[in-house]
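Counting begins at 1 with the first residue of the sequence. These numbers were taken from a predicted model, which means no experiment stands behind them. Computed over heavy atoms, backbone and side chain alike; hydrogens, waters and symmetry mates excluded.
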Amino acid sequence: DEAFQVEYHRKDWEKQRPQIITLAGADIGTIEIIRGPNGFHLGEFYLFPAYQRQGIGRHLLDALIREADAAQLPIRLEVFKINPVQSLYLRCGFKISGEFKTHYRMERAPR
């Protein structure tokens, strides 16, 4: 539901704005990392299609994983069930820890 998604993201943007990912001066996506005492939450992690499948997302995710591992904290996220990025999360050690009608909840324990 496009209208629902627009309104959801508008409200979320007012609450906590994600960082803009830039490459060579161009805005190419967003990433939101909420760091808490019980773990990190990865949200609003998007790359424009022209920048997907080039290792950029993996590079950013690897940096977050190193930070979480150093702090000995888990990383949690939610991902649409139909989103192919799930395969990246699984390769990086995330496991499905729950599910909703449209999303999986995933978690990666620290190493």
* Quick one: are Ile75 and Ile33 in side-chain contact, heavy atoms under 4.5 Å? -> no
* Got a sec, which residues hit ring pair (Phe, Tyr, Trp, His ring centres under 6.0 Å) with His103, two or more places apart in sequence or on another chain? -> Phe80
* To the nearest 0.5 Å, how far apart are CG in Leu90 and CZ in Arg108? -> 12.5 Å
* Asked: With sequence neighbours left out, what residues match Arg58 under side-chain contact (heavy atoms from CB on, under 4.5 Å)?
  -> Asp62, Leu88, Arg91, Cys92
* Pick from Arg105, Met106, Glu107, Arg76: which one makes a side-chain contact (heavy atoms from CB on, under 4.5 Å) with Phe94? -> Met106
* To do: May I ask you to test the Leu60-Phe45 pair for a side-chain heavy-atom distance under 4.5 Å?
  => yes
* Roughly how far, to the nearest 0.5 Å, is the CG atom of Leu47 from the CZ atom of Arg53? -> 11.5 Å
* Is there a side-chain contact between Glu78 and Thr102 (heavy atoms, below 4.5 Å)? -> no
* Asked: side-chain contact (heavy atoms from CB on, under 4.5 Å) with Tyr89: which of Ile96, Asn83, Val79?
  -> Val79
* Nearest heavy-atom pair of Gly93 and Arg111: which atoms, and what distance? -> CA-NH2, 3.9 Å
* Asked: Can you name the residues that form a side-chain contact (heavy atoms from CB on, under 4.5 Å) with Lys81, not counting sequence neighbours?
  -> Glu99, Tyr104
* Residues in side-chain contact (heavy atoms from CB on, under 4.5 Å) with Asn38, at least two apart? -> none
* Structure fact -> Taken in chain and number order and not counting sequence neighbours, the residues that satisfy side-chain contact (heavy atoms from CB on, under 4.5 Å) with Ala26 are Ile28, Tyr51
* Name all residues meeting the salt bridge (Lys or Arg N to Asp or Glu O under 4.0 Å) criterion together with Arg35; count only those two or more places apart in sequence or in a different chain, and write none if there are none. => Glu67
* Between atom CD1 of Ile56 and atom CD1 of Ile21, what is the distance when rounded to the nearest 0.5 Å? -> 8.5 Å
* Exercise: identify the closest heavy-atom pair between Gly36 and Leu73 -> O-CD1, 3.7 Å
* Taking all non-hydrogen atoms of both residues, which atom of Leu42 and which atom of Leu77 are closest, and how far apart? -> O-CB, 3.4 Å
* Asked: How far apart are the closest heavy atoms of Pro110 and Ala68, and which atoms are they?
  -> CB-O, 4.3 Å
